Colleague: 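Quick one: the structure is below, and I'll ask about it shortly.
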Amino acid sequence: MTQARTPATQSDDDTNQPTTSGSGGVTTAMRVIVPLQGVVQGRGGLVLGSLIPCALFYFLQLYLKRHRPSSATPPPTPPTAVAAEVSSPSALHRVHSRSVISPRGAHVSSRGNSIARQSDGPVDIGLRKVSEDPYDSATNPDGVIQLGLAENRLSLDLVRDWLAENAMNSIVAGDLSIERIATYQPFHGLMELKVAVAGFMSQVMKRSVSFNPSQIILTAGATPALEMLAFCLADVGNAFLVPSPYYPDLDRDVKWRTGVEIIPIPCRSADGFSLNAIALDRAFTQAKKRGLKVRGIIISNPSNPVGNLFNREILYNLLDFATEKNIHIISNEILAGSTHGGEQFVSLAEITDSEDFDRNRLHIVYSLSKDLCLPGSGVGVIYSFNDNVLAAAKKMARFSSISVPTQHLLISMLSDTVFIEKFIQTTRERLGRMYAKFVAGLKQLGIECIKSSGGFYCWVDMSGFIRSYSEKGELELWDKLLNIAKINVTPGSSCHCIEPGWFRCCFTMLTEEDIPVVIERIRKVSETCKSHS
Amino acid sequence: MTQSRFQLSRTTDADDEARNQVSTGGGGTAMRLIVPLQGVVQGRGGLILGSLIPCALFYFLQVYLKRHRSPPKSPSDIGELLRTASRSNLARSASVGRAHVSSRASSIAKSNDSPYYIGLDRVREDAYDELKNPNGIVQLGLAENRLSLDLIDHWLLQNLNVSMLGGGGDDLGISGIATYQPSDGLWELKVAMAGFMSQIMGGAVSFNPSQLVLTAGATPAIEILCFCLADQGNAFLVPAPYYPGFDRDIRWRTGVELIPVHCRSSDNFTLSITALDQAFNQARKRGQKVRGILISNPSNPVGSLLTRETLYNLLDFAREKNIHIISDEIFAGSTFGSVDFVSMAEILDSEDVDKNRVHIIYGLSKDLCLPGFRAGVIYSLNEHVLTASKRLTRFSSISAPTQRLLISMLSDLRFMKEFIETNRKRVQSTYNLFVAGLKKLGIECAKSSGGFCCWADMSGFVRPYNEKGELELWERLLNIAKINVTPGSACHCIEPGWFRCCFATLSEKDIPVVMERIRRVVDTCKPPT
């Protein structure tokens, strides 16, 4: 009787003790372990002997996790090293905070710091090089030729002529009083301008869609329009999927201030760099696995840098995908009016016009800088079907509004339908002609381009000229093009292209006479590269 | 015996149960491992091994579970979980609008019920016009200057074409307007702006154009500075009452908090370092990291100026705590009266202080009557801040035609000189008229030396002396008297009964109308003495 009773009661007492005191973890551990011997050697030995240390170890891990400043994974600490381990987190903490204070001086925020410290990529280096030594056929024939900036100068003369005639009248003349120019106006744009922009957008898309002016928010450029959408659709740490190659500045536009991530969906030359449904799905699941919350897809259509268009079928697939995953789609259509060739541009707005989709998830970004040759006036457009997004963007527009004189200038420019009609037509013709000439010139050198139907660029395959088939080889060639041939192109790696050897060449900064010069310069470099291989 | 045996069997039952639990948790291997363990435990190395081995097992179990948690999502039960989660998403969104917006956007999109915005909206719907809508609401809630618009108008008519097209539309002119420019502002405009700022501050300071960053208004200038100086969850100290727009300008997108430092009527709402210190310590205690102080000088809404001494003290405080100072000097050119305006930049010039921590905000909206032009300035001596904010102007640049226009306007020195003088006189005379009118009604104002606002003390007419009473009076002023003023509570003023009245949108003949309207309301709520 007694024998039987004592071990039982003893084990009862012991089990009570450790569970209550064990939670603290460490100094108590010793005291707990000694009486444990009794338990282990007793009857309930095996179970308690393994359960109790487990519980202790678990609590230790919990404690370590709580008190560690960073989220680094806990190293597998053997329980014997427990006592030493515990004092260290607090010590770590103190050292850490001291190092922050020690360089006495005003600190900028860590996000400010990372923006300020960001080193220049090839794009910035190229642009600087051009601005220091720009090519001019008469005054500086040895200068660097700009093929790295997506700007259309082909129709600048038309804009200039119009401005010379009408600038004065559009701002001050007529019934426009100074009160309406100089004073506070709605930050998200004047209604007259929204109506004019809606009309222009629909005209540029060949009347296949109509846009509702009340769904338009105007901002100071497409850049803030994109950023604002990112603010509206995603929180810090969320992510957007973007088919790559994508234009280099998108990283800054979307990631810098919003704290949102970009996950590239790699597209390949085998598909003509068009979006592949499998790659899309894979990127989504991988992001999920990494614990990232995907809030949407950002596409550019016509694509920058490749220049191809999204066809109706791919757009439908995208919509299905977005509906299935319950995410948003941002379609960047700033080049919608700068198409050439036979293929028809299809806006995302057109698809949703005809089908019964949940339009709340669709957002379009547009701008006048590309299609109207007016990058300096910075007019961006958010077109959304989502009331919450519109309401939030309207309020955020205060951080990026267009100055009122510029708005009036644009209202009268866009309302001049004769001029706009002629302008669109002429620009398209000139664009098509330049593209054909540029591509033909490259072809003579044995360089192929992806077939493009829009935008100001060629997406050029120079993989035959790179010495090592890697990003390093690509950048070497880029460097040679910039410093020896003196042309500034954008390397594919800056566009997050997965295959090395592709380059973006923007041809709309050139005149027709410049093309032979450019081709000749490329020939020089390409020949030296060939001879090496 | 039976009793004891019964106990025994119970423990073995428990044993089995526990073993079962382990085996289900860790997979089939656990069983096979634990049985031979008994030998080890009861042998010599019992204690250490008996605790080490289970620990190791448990650790590997955790690792195993962690590794394999995400992949098996797709098969059977976890897949179902996912689907239900997404279904619930759909169901919830059906009422809201299905596709979700970010949480920050939904908090911004929610309609704002601050009286400041309600008032502004009401005026927009039913604005007073002497001829067309004499019963409309008079706007006293917007710090806008319409007193000198005629001067601007006159200048524009004479100079517009030349200024925008660079003298006749040659090639240089058009590419100046229509092609890509540095987003932080044209160099010529920076030079002109630096000259204007120094002119407006009486030539006491000179500004280095290379330390200017131009943005599309002072609002984005402040926001950009906040992005550069503070991270999400950090805080700025702001002397209260403060401009109600700060709450949205700073907090909305940056995730930075504002901590009011309360100033009192007994000090004419001037900032005391003691209160500042207190607020700083309290924030610290709450675990908040204070990154700077945000002051407006001349103060909006009170209109007082910070003295040289206060500025020195502020600098000392900032150095001691190692924080920044943002000085919003957007009203610097709209001062009147005998007190001299002292810019933070002047203090920096004269003293050998740590210049890295001071940043100045300026803009043309107030002093030049041009809010529609959206021209704001960041002036900083901190290289990092300058670099980062220059890069951030890509989100908020001034359009090129407007920049051209401003360059030629600001470079017209004769016009600018005349404008500044005339504008000052007009602001002052309107201020005097307005204050005198209020005085007749028995309403006193805090002493003001700048800005477009009177900070009026109507606490005598506030029935319960608290925020509720203040808002009741505000509502009566809006709905009965039909004037839109900003109540002190919207400016985070700690004392009830103060109202901000902006007078610079009024013409001289509007003032009697406003006074008459105020009288009507005030008469009905005279204190029962």
Side-chain angles (χ1 to χ4, degrees), chain A residues 4 8 37 40 44 46-47 49-50 53-54 57 79 105-106 108-110 112 115-116 151 159-160 164 167-168 171-172 178 181-185 220 223-224 227 231-235 257 289 326 328 358 360-361 374-378 388-389 391-392 395 398-401 403-406 409, chain B residues 4 7 11 15 18 38 41 47 50-51 54-55 58 70 89 97-99 101-103 105 108-109 144 149 152-153 156-157 160-161 164 169 174 177-181 216 219-220 223 227-231 324 356-357 370-374 384-385 387-388 391 394-397 399-402:
Chain A
Q37 200 149 19
V40 172
L46 177 63
V47 178
S50 45
C54 278
F57 187 64
V108 300
S109 65
S110 58
I115 293 169
E151 188 175 316
V159 178
R160 180 188 55 211
M168 179 73 177
I171 295 185
V172 281
I178 184 74
I181 295 176
T183 60
Y184 280 108
Q185 301 292 338
T223 298
E227 193 200 32
F231 267 116
C232 288
L233 302 180
D235 284 303
R257 298 202 294 190
K289 244 182 234 168
N326 193 24
H328 294 265
D358 175 14
N360 276 314
R361 58 180 90 252
L374 283 176
S377 20
N388 286 329
V389 169
K395 291 185 173 176
R398 59 186 292 104
F399 299 113
S400 185
S401 54
S403 68
V404 183
T406 305
L409 190 68
Chain B
S4 76
Q7 269 187 348
T11 46
D15 231 341
Q38 201 149 19
V41 171
L47 175 64
S51 44
C55 277
F58 187 62
S70 37
N89 264 347
R98 291 178 86 173
V101 300
S102 66
S103 57
I108 291 172
E144 183 177 43
L149 275 180
I152 301 285
D153 194 18
L156 278 181
L157 275 175
L160 183 68
N161 224 5
M164 273 181 68
I174 179 69
I177 286 186
T179 59
Y180 273 111
Q181 308 289 343
T219 300
E223 197 200 28
F227 269 112
C228 293
L229 301 180
D231 285 302
H324 293 267
N356 274 325
R357 59 178 87 252
L370 289 177
F373 277 49
R374 312 306 303 138
H384 289 298
V385 171
T387 314
R391 290 183 169 173
R394 63 189 286 108
F395 300 111
S396 186
S397 52
S399 67
T402 305

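Naming: A, B, ... by sequence-line order, numbering from 1 per chain. Just so it is clear, the model here is predicted, and its values are computed rather than measured.
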Colleague: Could you pull out all residues at least two apart from A116(A) that satisfy side chain to side chain contact (heavy atoms under 4.5 Å, CB included)?
Modeller: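 For A116(A), the residues satisfying side chain to side chain contact (heavy atoms under 4.5 Å, CB included) (neighbours in sequence not counted) are H384(B), T387(B), A388(B).
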Colleague: What is the minimum heavy-atom distance between T183(A) and E144(B), and which atoms define it?
Modeller: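 Result for this residue pair: CB-OE2, 3.1 Å.
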Colleague: Could you pull out all residues at least two apart from A220(A) that satisfy side chain to side chain contact (heavy atoms under 4.5 Å, CB included)?
Modeller: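 A220(A) satisfies side chain to side chain contact (heavy atoms under 4.5 Å, CB included) with S400(A) once adjacent residues are dropped.
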Colleague: Return the option, out of S397(B), S103(B), A216(B), with the maximum number of heavy-atom pairs under 4.5 Å with chain A.
Modeller: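 It is S103(B).
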Colleague: Can you see which heavy atom on L229(B) is nearest to which on S109(A), and at what distance?
Modeller: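 L229(B) and S109(A) have their closest heavy atoms at C-CB, 3.4 Å.
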Colleague: Ignoring hydrogens and angles, tell me if any N or O in the side chain of R391(B) forms a donor-acceptor pair with the backbone of I115(A) under 3.5 Å.
Modeller: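 It does hold such a pair.
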Colleague: Does S403(A) use its side chain to pair, donor to acceptor, with the backbone of R374(B) at less than 3.5 Å?
Modeller: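 Side chain of S403(A) to backbone of R374(B), a donor-acceptor pair under 3.5 Å: no, none is there.
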Colleague: Any chance you could measure R398(A), atom CZ, to T219(B), atom OG1, to the nearest 0.5 Å?
Modeller: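 Rounded to the nearest 0.5 Å, the CZ-OG1 separation comes out at 4.5 Å.
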Colleague: Determine the minimum heavy-atom distance between A109(B) and A391(A), stating which atoms define it.
Modeller: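 Looking at all heavy atoms of both residues, the shortest contact is CB-CB, 3.9 Å.
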Colleague: Please check this pair: side chain of E227(A) against backbone of F395(B), looking for a donor-acceptor N/O pair closer than 3.5 Å.
Modeller: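 A pair under 3.5 Å: no.
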Colleague: Do F231(A) and S102(B) come close enough that some side-chain heavy atom pair is under 4.5 Å?
Modeller: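 SC-SC contact between F231(A) and S102(B) ruled out.
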